[in-house]
Engineer: 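Below is a structure I'd like to ask you about.
The analysis underlying the following values was restricted to heavy atoms, covering all of them including side chains, and did not include hydrogens, waters or symmetry mates.
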Amino acid sequence: MELERQTNGSRPSRLDLGCGSKKTPGAFGVDIYPYPGVDQVMDLNKFPWALPDNSFTEIYCRHIIEHVADVAAFMREIHRISASGARLVIETPHFSSVNSWTDPTHVRHLSAQWYTSFLPGQYLAAQCGAFELINSNVTFGKSLRNVIGKWIARLIGIKKWEKTYAFSYPGMDIQTELRVIK
């Protein structure tokens, strides 16, 4: 297996999916392009991934989920390769951010509640494996418009801000931290 060959048989407990040239320190880095520091070149849209079951205690997915064709299959693979109780960190542009729309390789635009179908008792949890929410928030830029959006979201809540004010007072990124339930 590629992971074992590249790490001399000892498996890292941290994985950075779609790491690009900015891999998380101490993590095994996977990307579709062979950037410097990438440990394994792999297309995350092709399943199953060449990564071992129940292996990782921390998985980082920064600005990658918006590029995948099938989020349910992506999350199923993450669940498969994660150890029980593993921590999963996903960061993606918020749908109201111009960054969500300027990259032509983005295939989806996500809301702050993108993860809810994977929570225990929800329909995708039964198909893909369950995840527990640790934390999720929307970040905002520093312009006056963004600061107003941040205050509106704090005042009325993220759901109501998304439905009513997100495009007038946009967010920037969604930062979600989940725990794998097995």
Engineer: Can you run down the side-chain hydrogen bond (donor to acceptor under 3.5 Å, both in side chains) pairs that involve residues 172-182, sequence neighbours left out, and say none if there aren't any?
Structural biologist: N54-K182, R87-E177, E91-Q175, W114-T176, E132-R179, S136-T176
Engineer: Looking at every heavy atom in both R62 and T24, which two are closest together, and how far apart are they?
Structural biologist: NH1-OG1, 2.8 Å
Engineer: Apart from Y60 itself, what residues make up its hydrophobic cluster, given side-chain heavy atom links below 4.5 Å?
Structural biologist: V89
Engineer: Cluster partners of M172, using ILVMFWY side-chain heavy atoms under 4.5 angstrom, listed by chain and number?
Structural biologist: none
Engineer: What heavy-atom pair brings A112 and I174 nearest, and what distance separates the two atoms?
Structural biologist: N-CD1, 3.8 Å
Engineer: To the nearest 0.5 Å, tell me how far Q122 CD sits from C128 SG.
Structural biologist: 12.5 Å
Engineer: Just by distance, do the side chain of T57 and the backbone of S13 share a donor-acceptor pair under 3.5 Å?
Structural biologist: yes
Engineer: Could you go step by step and tell me if L178 and I134 meet the side-chain contact (heavy atoms from CB on, under 4.5 Å) rule?
Structural biologist: CA-CA 5 Å; L178 302 169; I134 297 172; 5.8 Å; no
Engineer: Could you pull out the closest heavy-atom pair between R145 and P170, with the gap in Å?
Structural biologist: NH2-CD, 3.4 Å
Engineer: Do I65 and L110 pass the side-chain contact (heavy atoms from CB on, under 4.5 Å) test, and can you show the C-alpha distance, the side-chain angles, and the key distance before you say yes or no?
Structural biologist: CA-CA 9 Å; I65 199 168; L110 298 169; 3.7 Å; yes
Engineer: Are M42 and I32 close enough that some pair of their side-chain heavy atoms sits under 4.5 Å apart?
Structural biologist: no
Engineer: Under 4.5 Å side-chain heavy-atom separation, chaining through any Ile, Leu, Val, Met, Phe, Trp or Tyr, what else clusters with W101? Say none if it is isolated.
Structural biologist: none
Engineer: Check G20 against V38 and note the closest heavy-atom contact, atom names and distance.
Structural biologist: O-CG2, 3.6 Å
Engineer: Between T105 and E66, is the side-chain contact (heavy atoms from CB on, under 4.5 Å) condition met? List the steps.
Structural biologist: CA-CA 8 Å; T105 65; E66 66 273 14; over 6 Å; no
Engineer: Less than 4.5 Å apart, any side-chain heavy atom of I81 and any of I59?
Structural biologist: yes
Engineer: In Å and rounded to the nearest 0.5 Å, what is the OG to CZ distance from S111 to F95?
Structural biologist: 6.5 Å
Engineer: Output all residues satisfying salt bridge (Lys or Arg N to Asp or Glu O under 4.0 Å) with R14, sequence neighbours left out; order by chain, then residue number.
Structural biologist: E58
Engineer: Assigning hydrophobic clusters by single linkage (Ile, Leu, Val, Met, Phe, Trp, Tyr; side-chain heavy-atom cutoff under 4.5 Å), is V147 placed with I156?
Structural biologist: no
Engineer: Please confirm whether the backbone N or O of P93 pairs with a side-chain atom of S97, one donor and one acceptor, at under 3.5 Å?
Structural biologist: no
Engineer: Can you run down the side-chain hydrogen bond (donor to acceptor under 3.5 Å, both in side chains) pairs that involve residues 158-171, sequence neighbours left out, and say none if there aren't any?
Structural biologist: H94-E162
Engineer: Determine yes or no for a side-chain-to-main-chain donor-acceptor pair under 3.5 angstrom, with R76 supplying the side chain and G129 the backbone.
Structural biologist: no
Engineer: Search all heavy atoms of L124 against all heavy atoms of A72 and return the closest pair with its distance.
Structural biologist: CD2-CB, 4.2 Å
Engineer: Taking all heavy atoms of V30 and all of L44, pick out the closest pair and write down the distance.
Structural biologist: CG1-CD2, 4.1 Å
Engineer: Side-chain contact test, heavy atoms from C-beta onward, threshold under 4.5 Å: evaluate it for V138 versus K150 and give yes or no.
Structural biologist: no
Engineer: The criterion is salt bridge (Lys or Arg N to Asp or Glu O under 4.0 Å); which residues satisfy it with K23, sequence neighbours excluded?
Structural biologist: D39
Engineer: Please check this pair: side chain of D31 against backbone of L17, looking for a donor-acceptor N/O pair closer than 3.5 Å.
Structural biologist: no
Engineer: Quick check: do V180 and F131 have side-chain heavy atoms less than 4.5 Å from each other?
Structural biologist: yes
Engineer: Flag yes if more than 12 heavy atoms outside F167 fall under 6.0 Å of its CZ atom; otherwise flag no.
Structural biologist: yes
Engineer: Go through the steps for L51 and L15 under the test side-chain contact (heavy atoms from CB on, under 4.5 Å), then give the verdict.
Structural biologist: CA-CA 10 Å; L51 295 168; L15 177 65; 3.9 Å; yes
Engineer: Please name all residues satisfying ring pair (Phe, Tyr, Trp, His ring centres under 6.0 Å) with F118, sequence neighbours left out, ordered by chain then number.
Structural biologist: none
Engineer: Which residues satisfy the ring pair (Phe, Tyr, Trp, His ring centres under 6.0 Å) test with F74, sequence neighbours excluded?
Structural biologist: W49
Engineer: L133, I90: one ILVMFWY side-chain cluster at the under-4.5 Å cut-off?
Structural biologist: yes
Engineer: Among residues at least two apart in sequence or on other chains, which ones pass ring pair (Phe, Tyr, Trp, His ring centres under 6.0 Å) with H106?
Structural biologist: H67
Engineer: Check for a donor-acceptor pair, side chain of S143 on one end and backbone N or O of N146 on the other, with a separation under 3.5 Å.
Structural biologist: yes
Engineer: I'd like to check the side-chain hydrogen bond (donor to acceptor under 3.5 Å, both in side chains) partners of S100; sequence neighbours left out, ordered by chain and number.
Structural biologist: H109
Engineer: For the side chain of S96 and the backbone of G171, is there at least one donor-acceptor N/O pair under 3.5 Å apart?
Structural biologist: yes
Engineer: Check ring pair (Phe, Tyr, Trp, His ring centres under 6.0 Å) between W151 and all other residues, then give those that pass, not counting sequence neighbours.
Structural biologist: none
Engineer: Can you tell me how far apart OH (Y115) and CE (M75) are? Round to the nearest 0.5 Å.
Structural biologist: 11.5 Å
